[in-house]
Amino acid sequence: MHNDPEVIVRSPQELVGDLNEQQAQAVQFRGPALLIGAGAGSGKTRVLTRRIAWILTQFGAWPSQILAITFTNKAAAEMRERLSALIGPVAQRMWVSTFHSACVRILRRDGERIGLKSGFTIYDTADCERLVKLIATDFNIDIKRYTPRQILARISDYKNNLTGVRETLAQYAPDFRPGTRGFRIGRVGNVEEIYAIVYAEYQHRLALANAVDFDDLIARTVELLRTQPDVAEYYHRKFRYILVDEYQDTNHAQYVLVRELAGVDSGERPAPDAPGVGRQGPAWITVVGDSDQSIYAFRGADISNIQDFEQDFPDARTIMLEQNYRSTQTILDAANAVIAHNEGRKPKKLWTAAGKGAPITGYAADTAQLEAHWIAHEIRRLHQEEGLRYSDIAIMYRANAQSRSLEEGLIQAHVPYQLIGGTKFYERREVKDALAYLQAIVNPADGINMRRILNVPKRGLGARAESMVTAWADERGLTFWQGVEQAERIEGMTTRTLNPLRRFAAMMTQLRAFAAEHDRQPSQVVAEVLAQSGLLEELRKSTDPQDQSRVENLSQLQSVAAEYEQNTPDATLAGFLETTALVADSDQLPDEAEDSGKVTLMTLHTAKGLEYPVVFLTGMEQGTFPHSRAMEDTSELSEERRLSYVGITRAKRRLYLTRAAVRAQWGRASEMMPSQFLDEIPDGLIDWKRREAGVERMRSGWGHAAGGSRGRDDWEEGLDEFGGWDDDFTEPSYGGSSYGGSSSYGRSSYGSSSYGSSYGSSSSYGSSSRVRSSDDAAPRFGSAARERSSSSSSSTSGGAHFSYGVSSSPSSRSLRFGSAASSHSSSSRSGKVTTRRTSPKPASSLDKDNRLDINDFRVGDKVSHDSFGLGTVLETQDKGRNSIITVDFGSAGVKRLMLRVAPIEKL
DNA sequence: CACGGTTAGGTTTTT
DNA sequence: CCTAACCGTG
């Protein structure tokens, strides 16, 4: 063992003394290849950090010989932090990073060898789409038939599988030479040829622009290692231990990258015994993963990487971690039951010593809004009555679009929350514009970014000017920027266009000079760009209230740059741009330790690797989750199921499963059937606070009797009427015949294509009749409730086709509820029906004029805003119809609002 | 060339 | 519901 003053030497006892048998084995394992099969919550991060410490202190490795790869920057930062605590500050200098960051680092060092100059740009998805679109237009490819998205997806596939341009062209378009103008595609409609040609041209133009996309970061690093033996040799010597987290989510390119870095195929014999310092055979590889948590197949992740690990790596060994330290038995039972429906997986027996815990809570709401409402109030109850911290609670959903209604519900209930993901900061238009300036400064060859800013802000250089320069430069094989510089030589150039072009060129030259001088202070460069470009000025003088927040975003960008500058010893402008390109949603999560005081909202994908005492899994509906696009295909459905497994296992103590019977999609309402995953969870585990939605009950029961067949708006009104039930118990009193033999509620219709039947083609649910009973049904919605309106009568699904669970009504489940029914049904309410508005009055009705007068407001006045709550007036600007009022809403921030449309009230 | 207004089309999930 | 794309008018 060596002595490094910066490494805290830990005794074996300290490193494995508090671990279970399997964990301890995994930490200490000596051998070239180890797969740690880490079930959810089995303490894998702990094992991983301990193993690194073990390697350092027990195997005697140098910190610089270790490469640890995680999936997100956040995970990397966390691991680094844990390592620091364990082994000391040396952890700060270790290679602990994502695949992508590690590759950037490698490419920055030696990328020149494969034609990447040092300031290369990393294109994000939007940039790539722009480029593909440009190419498609040039080649007269119908972008309606072949969307840039589709084409890009194919290109991504090629890259993830390390299929090069050369071989693709050879197979599908042998006559095409990238960079040649006016190439005619042979037979129209030969998809493969089109893909191949665009792929080739795309790579060609990326190279011209000195740019790479996300997939290139991996693929080109592999290319570097494969074609430059001395570079490969350098890393073979350097990294003696490689550890990869979330191995189930690696794609083929990443798999190959690991092999190349480790030198597995270099043919060298491993050292017979202890791997010391120096070159002694391939690096030792440790991978950690759980095939049941593979949820990135859509991005090329190949589950067989982990499944075939033992065959792929010589002398590999697998250690399974099966004790779960996170969740209650109930939660694990649910997770295990769901995942058991996936075929062809190795059975796993996760267990916990934590005990049974509380049952899972189920809730079926009428609409997405009501689902949100119920969740928000349940969270408030948990907070107030059970003393739970908001930060201990997370709400998860399948797709980002679902967050909107949830947010609204939380705002109304005054529950503080933070939203993770969605439109990312760096993808906002104004931020992207500013970044485009920086990119164009660092890398003038980058035509995509250069063109983006040519006329932003407006400087009279529109589509015509752009195409003239592009055409002229293309003909000569020059970059767009070179075209701008030599604009006066372009034939047909008018002074009207030439002048602004010259000004633009001068400005960019000046900015470049400034950037060169201040390369170590990116924040200064940002400030200079914002000022010189006119970006800031344009937004400042705008009357659009939205532009105010854009200004704030730009100032935040400057803060981010300043922060980067302070935290990075060798800060450069290019380095800063790198960090902005590689952020992930999860990176914005606050540190585990700190109590943000807020409920967290995020997608299930973002939630991977996290845990919360209380988890709400929302939108448990066919078509929402599993997603409609994934329901037809078995393998995609399996992935959805793994996603649900991930979601369920995020919960430590309490799990809620909620669904909505009606969900708005594209502004149109759709009926949603319960998610099949709900049925895959054993009955006894879920305590349904509300078993079926009002529409479903109504449809099946006396709703029929009460109304006849009416028009399209029928059930919407019905919903309006009966949507307010909030029974804590929904006990169906089944007629004898309803107790059919079928074991699973609605099983018969799952798998058919009658999911989420949309508006109009109504279907019906449930069995014959229901008895509602509840002790506290109405009061919770009391304020919003209004008396039944006499004008609208109850409705029904006229001519409905029963497609769901009619005869196969709840059997085993209903038995449980059946007993509950008998004990509660006595308190059944009278026929009086309370109701509430279907949707909580969104801002739409305020598009017009709220007839507020700016002159009625004075600085210091208190106002109330529907979303932001209470605020104080800071400033009023009388602009007649477009009067602006600036209000400080405290924690919600300072907002500039257009008075005419602001949902505010003077107090 | 910029702007406003209209329309058609589109929703997974993310480094 | 949202946006990007399109088309007409200053």
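Below, read A as the first sequence line, B as the second, and so on, with proteins coming before strands; counting in each chain starts at 1. The model shown is predicted, which means the values in this text are computed figures rather than measured ones.
- Between the side chains of A:Tyr202 and A:Asp213, at least one donor N or O lies within less than 3.5 Å of an accepting N or O.
- Side-chain proximity of A:Arg299 to the nucleotides B:dT13, B:dT12, B:dT15 is greatest for B:dT15.
- Atoms OG1 and NZ, on A:Thr147 and A:Lys144 in that order, are 11.0 Å from each other to the nearest 0.5 Å.
- Candidate nucleotides B:dT15, B:dC1, B:dT13 were compared by shortest atom distance to the side chain of A:Arg496, and B:dC1 ranks first.
- At whole-Å resolution of the value, CG in A:Asn400 and P in C:dT3 are 14 Å apart.
- Note: CD (A:Gln254) to C1' (B:dT14) measures 12 Å, nearest angstrom.
- Here B:dT13 is the nucleotide among B:dT12, B:dT13, B:dT15 with the atom lying nearest to any side-chain atom of A:His605.
- Counting non-hydrogen atoms under 4.0 angstrom, A:Phe99 reaches nothing in the nucleic acid.
- Under 4.0 angstrom from either OP1 or OP2 of B:dT12 there lies no side-chain N or O belonging to A:Ser628.
- If A:Leu461 and A:Arg398 are placed on DNA chain B by their nearest nucleotide, the residue sitting closer to the 5' end is A:Leu461.
- Summary of the strand contacts: A:Leu643 and A:Ala465 both lie near DNA chain B, and taking for each the nucleotide with the nearest heavy atom, the more 5' one is attributed to A:Ala465.
- For DNA chain B, the stems formed by at least three consecutive Watson-Crick or G-U pairs, with both atom-pair distances below 3.5 Å, span B:1-10 with C:1-10.
- Atom-to-atom distance recorded for A:Glu407:CD and A:Tyr417:OH is 3.5 Å, nearest 0.5 angstrom.
- The side chain of A:Arg404 lies closest to C:dC2, out of B:dT12, B:dT13, C:dC2.
- Residue A:Thr603 places none of its side-chain N or O atoms closer than 4.0 Å to OP1 or OP2 of B:dT12.
- Nearest to the side chain of A:Asn455, among B:dA2, B:dT12, B:dT14, sits B:dA2.
- Between C:dC6 and B:dT11, the distance separating the two C1' atoms is 23 Å to the nearest Å.
- Within the 4.0 angstrom heavy-atom criterion, only backbone atoms of the sugar-phosphate kind lie near A:Lys458; the bases stay farther away.
- B:dT12 atom C1' lies 12 Å from atom OH of A:Tyr296, rounded to whole Å.
- Among the nucleotides B:dT14, B:dT11, B:dC3, the one closest to the side chain of A:Arg149 is B:dT11.
- Side-chain contact between A:Leu557 and A:Phe425 is present, with heavy atoms from C-beta onward closer than 4.5 Å.
- If you measure from atom CG of A:Leu217 to atom P of B:dT15, you get 13 Å, rounded to the nearest angstrom.
- Among the nucleotides B:dT15, B:dT11, B:dT13, the one closest to any side-chain atom of A:Thr125 is B:dT15.
- No aromatic stack links A:Phe71 and the base of B:dT15, using centre distance under 5.5 Å and interplanar angle under 30°.
- Comparing B:dT15, B:dT11, B:dT13 by their closest approach to the side chain of A:His627 singles out B:dT11.
- For A:Ser403 (side chain) and A:Asn400 (main-chain N/O), a donor-acceptor pair under 3.5 Å exists by modelled atom type.
- Geometric assessment of A:Arg451 against the ring of A:Phe480 yields a positive cation-pi assignment under the 6.0 Å and 45° thresholds.
- When rounded to the nearest whole Å, the span between CZ of A:Phe625 and C1' of B:dT12 equals 11 Å.
- In this entry the distance linking CD of A:Glu621 with P of B:dT12 reads 17 Å, nearest Å.
- Judged by distance alone, the side chains of A:Glu371 and A:Gln369 never bring a donor and an acceptor atom under 3.5 Å apart.
- The side chain of A:Glu636 approaches B:dT12 more closely than any other nucleotide in the set B:dT14, B:dT12, B:dT15.
- The existence of a salt bridge linking A:Arg540 and A:Glu537 is excluded, since no basic side-chain nitrogen approaches an acidic carboxylate oxygen closer than 4.0 Å.
- B:dT12 atom C1' lies 8 Å from atom CZ of A:Phe298, rounded to whole Å.
- Side-chain polar atoms of A:Gln418 and A:Thr600 form a donor-acceptor pair below 3.5 angstrom.
- Across all strands, A:Glu246 comes closer than 4.0 Å to no nucleic acid atom at all (heavy-atom distances).
- Set against B:dT14, B:dC1, B:dT11, the side chain of A:Arg464 has B:dC1 as its closest nucleotide.
- Separating the CD atom of A:Gln665 from the C1' atom of B:dT12 is a distance of 11 Å, rounded to the nearest angstrom.
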